[in-house]
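Below you'll find the structure, written out as structure tokens, and then a few comments.
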Amino acid sequence: MRGHSDELLPDHRQGEALVSEAPEAVRSVFIESYGCQMNFSDSEIVAGILAKEGYGTTRDLEKADLVLLNTCSIRDKAEQTIRNRLKHFQSIKAHKPHMVVGLLGCMAERLKHDLLEQEKLVDLVVGPDAYRELPHLLEEIGGGRKAVNVLLSKEETYGDLNPVRLGSNGVTAFVSITRGCDNMCSFCVVPFTRGRERSRNPQTILDEVRSLRDQGYREVTLLGQNVDSYLWYGGGPKKDFAKASAMAQASAVGFASLLRQVAEAVPEMRIRFSTSNPQDMHDDVLYAIAKYPNLCKSIHLPVQSGSSRILKAMNRGHDREDYLARIERIRRILPEVALSMDMIAGFPGETEEDHAETLSLMEAVRYHFGFMFYYSERPGTHAARTLVDDIPLEVKKRRLNEIIELQQRHSLERNQAEVGRVVEVLIEGDSKRSEHHWTSRTTQNTVVVFPKLPGQKPGDLVWVAIEDCSAATLLGQTAARS
Ligand code: SAH
Ligand code: F3S
């Protein structure tokens with residue numbers, strides 16, 4: 001099971017120092033990233049901007065001229081972690097005074113005053129839409145000033161920039177296609193920290209994907225807070241589409257069309273995307289996935305609750321019935337698809353009946369995996385301003401545990417159903433536990449671990465006979481094509 005209680009990404013990726021080799025670099029930057037895939041992708045954009053300034057990346061804090069923390073503010077716990085990290089950096093700075101420490105990402109706006117002026121834990125604060133300004137801001141610091149830019153933009157997509165792939169396995173990569181979010185789910189801080197939704201020019205997406213292919217990558221994940229809402233009409237925020245010229249509107253590119261273009265541009269690559277939104281996903285996307293074998297048969301479709309009453313209070317654009325109707329369409333058009341979700345336990349006002357509806361929705365869908373959280377009030381959100389965070393922590397945790405246990409059972413059952421089958425997998429690299437085994441994924445995004453054979457290498461598509469499983473992993477042996 002990929003789900004876990006408290007973080008967005010598997011633990012080993014949290015706070016990972018990301019590197020790429022750049023032997024000719026004259027200065028070194030240490031970048032540590034927290035939170036969602038989007039943040040990891042942003043760190044690659046930042047590394048790309050800094051590479052042009054002569055910075056290579058390093059995993060060694062002692063060698064770094066510049067230390068950057070790319071932060072997440074989706075839940076409360078992250079903030080304390082960041083403060084502790086910044087204090088640690090200060091202790092290093094004590095014997096390395098020239099080292100510059102910067103805060104990037106979603107915490108920038110809210111914490112800029114505290115961290116820069118009061119606690120003096122950082123020299124630099126840069127919000128998610130201001131990374132292009134980094135070279136200029138670093139110059140200001142060189143002149144002895146503190147530097148800050150947290151302005152959000154209606155246009156910035158970094159579409160023309162070349163990201164530097166960090167911590168890469170050389171096989172899979174992220175490509176961001178939209179920024180920001182207009183959905184305004186009442187619990188969520190993203191629309192405030194990352195601004196209005198805007199889409200990236202499809203030509204630059206196709207160029208980046210082709211360039212990844214030419215470098216030997218075999219899989220891309222197209223990223224956005226709400227990929228189904230992708231809409232290119234020449235630039236600018238999605239909400240201004242109605243004001244665009246008739247010609248711009250007529251030639252607009254939506255998500256299904258983008259998916260088709262990418263699938264056709266790189267037929268030898270696998271294509272994934274994240275995240276889908278129930279109210280914005282339409283059948284045209286499902287038909288595209290059905291048509292192209294290289295579009296992976298896996299959909300991440302967050303639901304957040306199984307209770308229509310709570311979904312309304314969450315300002316989700318769908319109720320339980322809408323969601324289940326969407327699932328039915330997906331299953332009809334894509335019978336092989338694996339579904340995953342995000343779920344929140346203990347939203348304000350959630351009763352035991354609401355919670356039971358969450359469990360019953362999970363029984364109805366039987367997800368392959370999920371990311372599961374308990375509600376964490378975020379300052380400034382609609383829920384924080386209008387609702388009381390009234391579910392006691394121990395109740396939130398108990399409900400979350402029930403959700404996790406049920407998901408674990410479903411993940412195990414889904415995996416058990418694969419035992420005895422022969423599946424096609426893309427080899428990603430050495431398995432975490434043994435250098436004699438590969439780790440790989442099926443089109444459904446399930447991890448498959450199997451013993452290496454001579455001649456196999458990362459990036460190969462091979463067939464594996466599944467012999468055993470846990471809730472998280474399938475185990476097998478290389479097989480002849482099924
Ligand atoms: N659409 C986005 C969602 C970003 S937030 C995406 O691309 O994934 C990821 C998940 O964090 C949400 O789906 C939600 O389940 C969880 N989350 C967001 N705000 C939260 C909060 N205040 N408390 C608990 N979980 C939250
Ligand atoms: Fe957040 Fe809802 Fe957008 S969860 S990122 S406001 S789709």
Side-chain angles (χ1 to χ4, degrees), residues 37-38 41 157-160 163 171-179 181 197-236 238 241 244 246-301 326-340 424 426 441-445 461:
Q37 292 168 331
M38 199 70 146
S41 171
T157 60
Y158 302 113
D160 56 316
V171 177
T172 62
F174 297 131
V175 171
S176 98
I177 65 163
T178 70
R179 296 186 71 80
C181 186
E197 184 181 307
R198 61 223 105 115
S199 296
R200 178 175 171 192
N201 184 335
Q203 204 48 55
T204 67
I205 297 171
L206 290 166
D207 289 347
E208 188 174 336
V209 171
R210 285 196 191 99
S211 145
L212 285 164
R213 177 206 47 206
D214 295 345
Q215 293 165 57
Y217 285 84
R218 298 302 311 274
E219 180 182 298
V220 286
T221 304
L222 307 177
L223 285 183
Q225 303 296 342
N226 178 359
V227 288
D228 296 297
S229 178
Y230 176 88
L231 188 65
W232 171 257
Y233 62 97
K238 164 107 180 225
F241 177 66
M247 214 167 81
Q249 291 191 13
S251 56
V253 178
F255 185 53
S257 163
L258 178 73
L259 271 184
R260 286 193 296 266
Q261 289 184 42
V262 176
E264 284 175 16
V266 287
E268 62 279 73
M269 279 180 105
R270 274 186 174 182
I271 294 127
R272 301 188 184 280
F273 53 88
S274 189
T275 299
S276 303
N277 256 260
Q279 66 272 41
D280 296 308
M281 172 175 263
H282 300 293
D283 286 357
D284 54 355
V285 167
L286 304 177
Y287 288 121
I289 302 170
K291 178 171 172 193
Y292 294 95
N294 59 333
L295 294 181
C296 287
K297 305 298 177 267
S298 144
I299 297 179
H300 185 60
L301 197 66
R326 183 57 21 224
I327 297 285
E328 201 188 308
R329 289 301 293 165
I330 295 174
R331 292 248 157 92
R332 184 164 306 165
I333 298 168
L334 296 164
E336 288 298 299
V337 88
L339 289 162
S340 53
E424 191 184 38
L426 176 65
R441 278 177 203 271
T442 66
T443 183
Q444 296 187 321
N445 213 18
L461 279 171

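What you see below is based on every heavy atom in this structure, not just the backbone, and it leaves out hydrogens, waters and symmetry mates.
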message = Treating Gln249 as the side-chain partner and Phe241 as the backbone partner, does any N or O pair qualify as donor plus acceptor under 3.5 Å?
response = yes

query = With distance as the sole test, does Arg331 use its side chain to make a donor-acceptor pair with the main-chain N or O of Val337 at under 3.5 Å?
reply = no

ask   = Do Gln37 and Thr221 get their side chains close enough for a donor-acceptor pair, meaning under 3.5 Å?
value = no

inquiry  = Run the side chain to side chain contact (heavy atoms under 4.5 Å, CB included) test on Tyr230 and Ile205 for me, step by step, so that the C-alpha distance in whole Å, both residues' side-chain angles and the decisive distance to 0.1 Å come before the verdict.
reply    = CA-CA 12 Å; Tyr230 176 88; Ile205 297 171; 3.8 Å; yes

inquiry  = Counting C-beta onward and ignoring hydrogens, is there a side-chain heavy-atom pair between Ile177 and Val227 closer than 4.5 Å?
reply    = yes

remark   = Of all heavy-atom pairs linking Thr172 and Tyr217, the shortest is O-CE2, 3.7 Å

Exercise: do Thr275 and His300 side chains pair donor with acceptor under 3.5 Å = no

request  = Apply side chain to side chain contact (heavy atoms under 4.5 Å, CB included) to the pair Val262 and Met269, showing each step before the final yes or no.
outcome  = CA-CA 9 Å; Val262 176; Met269 279 180 105; over 6 Å; no

key: Heavy-atom donor-acceptor pair, Ser199 side chain to Leu231 backbone, under 3.5 Å   = yes

query = How far does CG of Leu301 sit from CG of Asp228, to the nearest 0.5 angstrom?
reply = 8.0 Å

message = List the residues meeting side-chain hydrogen bond (donor to acceptor under 3.5 Å, both in side chains) with Glu328, not counting sequence neighbours, and say none if there are none.
response = Arg332

Worked check of side chain to side chain contact (heavy atoms under 4.5 Å, CB included) between Ile299 and Met281 = CA-CA 11 Å; Ile299 297 179; Met281 172 175 263; 3.8 Å; yes

query = Which residues pass the side-chain hydrogen bond (donor to acceptor under 3.5 Å, both in side chains) test with Arg200, sequence neighbours left out?
reply = Thr204, Glu208

